[in-house]
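Below is one structure, written out as structure tokens; comments come after it.
Letters A, B, ... are given to chains in the order of the sequence lines, protein chains preceding strands, and every chain is numbered from 1. Here the structure is a predicted model, which is why all the values come from computation and not from measurement.
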There are 2 protein chains.
Amino acid sequence: MMKIDGNCDSGCPVAAAATVFDGKWTSLILRDLMSGTKRYSELQRSLTGISPRMLAARLTMLEEKGLISKTIYPTVPPKTEYTLTESGQRAEAVIMALAAFGATLARPG
Amino acid sequence: MMKIDGNCDSGCPVAAAATVFDGKWTSLILRDLMSGTKRYSELQRSLTGISPRMLAARLTMLEEKGLISKTIYPTVPPKTEYTLTESGQRAEAVIMALAAFGATLARPG
DNA sequence: CGGAATCCATAGGGATACTG
DNA sequence: CAGTATCCCTATGGATTCCG
């Protein structure tokens, strides 16, 4: 069991992870990629209501943070695939924890 | 906040949990409370840079979502304590997962 | 198909000052 | 001490359009 400090301002792993999972779409994108490689349009269809701009921004961020990798097939029409890296697969544990916790919450509405 | 709706219809537990952990401070507050009951001023000192407004807003949200409870001692000077509820203690698993994952990330700076 | 560019409204959130 | 109230700004992010 990992020790967590009550006060680890700089370099706190919780804070570091929180920046990655920031925003309302990130965890949903990772959740979707947990079931395997997906195309841009597949993600867009799955993430109801997300704008192309948002999806592209989150995918870029996740790629920069090293959680996903991008493969471009120079075909016509073009095709791009997104896959979890090893780091992204490690992030699955967070998604699972989120899912388990979320399942215990009372549903609003 | 807007409704989140991904590919597991309108009750996705990941989305539900994501709304609770929204924002940069929430997980840090929960992290702090994991080590025990804390006062408002203790949290403010621990969460370097947070504004009173922000701290109050997040604490109110967490209380409304049922993750923390608030005890007011009508003393002079006044004293308020925040404690994790059972739901909040269930959220510890998410914080632990975040910490474990965050520890594997490359440190910026 | 997979984005990038542009425009624009909203609210998230910081700084400061004040109060019970 | 434990917050509120107020001001104000910027970054977030939606809608739309266009391009390789």
**Item:** Leu55(A) CG - dA15(D) C1' separation (whole Å)
**Value:** 15 Å
**Prompt:** Is Lys38(A) close enough and on-axis enough to Tyr82(A), meaning under 6.0 Å and within 45°, for cation-pi?
**Reply:** no
**Prompt:** Is the side chain of Gln89(A) donor-acceptor paired with the backbone N or O of Glu86(A) at a distance under 3.5 Å, no angle test?
**Reply:** no
**Message:** Looking at Ser51(B), I'd like to know whether one of its side-chain N or O atoms comes within less than 4.0 Å of OP1 or OP2 on dT16(C).
**Reply:** no
**Request:** Would you kindly compare Pro78(A) and Arg39(B) by the position of their nearest DNA chain D nucleotide and give the one closer to the 5′ end?
**Result:** Arg39(B)
**Request:** Please report, rounded to the nearest Å, how far the P atom of dG13(D) is from the CD atom of Gln44(A).
**Result:** 16 Å
**Prompt:** Counting only side-chain N and O atoms of Lys79(B), is one of them less than 4.0 Å from OP1 or OP2 of dG3(D)?
**Reply:** no
**Asked** Any side-chain donor-acceptor pair under 3.5 Å between Ser69(A) and Thr85(A)?
**Response** no
**Fill in**
Asp22(A) atom CG is separated from dT12(D) atom P, nearest whole Å, by 8 Å
**Message:** Distance check needed: dG12(C) C1' versus Met54(B) CE, whole Å only.
**Reply:** 7 Å
**Complete:** Picking from dA2(D), dG13(D), dG14(D), the nucleotide nearest the side-chain atoms of Trp25(A) would be dG14(D)
**Message:** At less than 4.0 Å, is any side-chain N or O atom of Lys38(B) found next to OP1 or OP2 of dA2(D)? Yes or no.
**Reply:** no
**Request:** Assign Lys70(B) to base, sugar-phosphate, or nothing according to its heavy-atom contacts below 4.0 angstrom with the strands shown.
**Result:** sugar-phosphate
**Prompt:** Which whole-number value in Å describes the distance from Tyr82(A) OH to dC1(C) C1'?
**Reply:** 11 Å
**Item:** Minimum-distance nucleotide (side-chain atoms of Ser41(A) versus dG14(C), dG3(C), dC1(C))
**Value:** dC1(C)
**Message:** Using a 3.5 Å distance criterion without hydrogens, assess whether the side chain of Tyr40(A) forms a donor-acceptor pair with backbone atoms of Pro52(A).
**Reply:** yes
**Prompt:** Can you tell me if the side-chain N/O atoms of Thr80(B) get under 4.0 Å from OP1 or OP2 in dG3(D)?
**Reply:** yes
**Asked** Rounded to the Å, how far apart are Ile50(A) CD1 and dA15(D) P?
**Response** 11 Å
**Asked** To the nearest Å, how far apart are Arg53(B) CZ and dA2(D) C1'?
**Response** 16 Å
**Message:** Is Tyr40(A) close enough to dA4(C) that one of its side-chain N or O atoms is under 4.0 Å from OP1 or OP2 there?
**Reply:** no
**Message:** Looking at Thr60(A) and Ala56(A), would you say the former's side chain and the latter's main chain have a donor-acceptor pair under 3.5 Å?
**Reply:** yes
**Request:** With heavy atoms under 4.0 Å as the rule, sort Tyr73(B) into base, sugar-phosphate or nothing.
**Result:** nothing
**Spacing of Met61(B) atom CE relative to dA11(C) atom C1', expressed in whole Å** = 16 Å
